[in-house]
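Remarks on the structure that follows.
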Amino acid sequence: SQTIHQWPATLVQPVGSPLSLECTVEGTSNPNLYWYRQAAGRGLQLLFYSVGIGQISSEVPQNLSASRPQDRQFILSSKKLLLSDSGFYLCAWRGTGTEKLFFGSGTQLSVL
Amino acid sequence: KQEVTQIPAALSVPEGENLVLNCSFTDSAIYNLQWFRQDPGKGLTSLLLIQSSQREQTSGRLNASLDKSSGRSTLYIAASQPGDSATYLCAVMSGGSNYKLTFGKGTLLTVNP
């Protein structure tokens, strides 16, 4: 069966520090992968999506970047975090032949 | 630009009550609509997916309806239980969106024993 792993679960980082969040999917190949952010009082906002290795589309201008070095690995990064980067980050995947999205357990990021 | 609104923002009901959560969207050109459940500090769990050509979907005590022309969906929960307490999110997949979802802000449901 397919599973999605996201880590870490929580992260506290100082302003200006780098960030790397990792997401991996098991049990499927060539999934579409997504990074969403959920800020307090706001809905989920799509940050990046990827339809294949090395193919990244950015939805909103921001301080973050994403990479997909392997088929089932999706990484969210920043060189210098801002206070406004705080939020709950969710990775999701969609397999071939389905329109359902499956989400990871999320990372709560606090930038202080 | 697609916008999704969920009403009410929060709802508190006694156990056993039937309830309805509402979702509306501005652009009726959608592929599908999905309802998710989110427990505090957790990821989202897919509950129901309704294709644009469908009127409703059912899973156990949950029933979701879709009126595409009016831009509305409802999630009906029968015989609510304390374990149903969570945030319920509505999301639409719009035409030409490359399978991207637009989410509402959710309805926080509390079912009191």
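Letters go in sequence order (proteins before strands), and every chain restarts at 1.
- Transitive grouping of hydrophobic side chains (ILVMFWY, heavy atoms separated by less than 4.5 Å) brings A:V15 and A:L11 into a common cluster.
- In the hydrophobic clustering of ILVMFWY residues, with side-chain heavy atoms under 4.5 Å counting as a link, A:I75 and A:Y36 come out apart.
- Closest approach of A:L101 and B:Q34 over heavy atoms only: N-OE1, 3.7 Å.
- Once rounded to the nearest 0.5 Å, the distance linking CD of A:Q38 with CZ of B:F103 reads 9.0 Å.
- In the hydrophobic clustering of this structure, B:V92 groups with B:I50; members are Ile, Leu, Val, Met, Phe, Trp, Tyr whose side-chain heavy atoms approach within less than 4.5 Å, directly or through other members.
- Hydrophobic clustering keeps B:F36 apart from B:L108 (ILVMFWY residues linked when any side-chain heavy atoms are closer than 4.5 Å, directly or through intermediates).
- Chosen from B:G41, B:A91, B:G106, the residue pairing most often with chain A at heavy-atom distances under 4.5 Å is B:G41.
- Summarising the geometry, atom OG1 belonging to B:T102 is positioned 11.0 Å from atom CD belonging to A:Q45; distances are rounded to the nearest 0.5 Å.
- In this structure, no portion of B:Q6 lies under 4.5 Å from any heavy atom of chain A.
- Side-chain contact between B:L101 and A:R94 is absent, with no heavy-atom pair separated by less than 4.5 Å.
- Cluster annotation: A:L46 and A:F103 are assigned to the same hydrophobic cluster (Ile/Leu/Val/Met/Phe/Trp/Tyr, side-chain heavy-atom contacts under 4.5 Å, transitive).
- In this structure the side chain of B:L89 reaches within 4.5 angstrom of the side chain of A:L44, judged on heavy atoms.
- Open room surrounds CZ on B:R55; 12 or fewer heavy atoms of other groups in view lie less than 6.0 Å from it.
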Side-chain donor-acceptor distances from residues 12-24 of chain B under 3.5 Å, at least two apart:
| unit_1 | atom_1 | unit_2 | atom_2 | d |
| --- | --- | --- | --- | --- |
| B:S12 | OG | B:N112 | ND2 | 2.8 |
| B:N18 | OD1 | B:A79 | N | 2.8 |
| B:N18 | ND2 | B:Y76 | OH | 3.4 |

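- Side-chain contact between B:K42 and A:F88: absent, with no pair of heavy atoms (C-beta onward) separated by less than 4.5 Å.
- Interface remark: A:E59 contributes side-chain atoms only to the contact with chain B (heavy atom separation under 4.5 Å).
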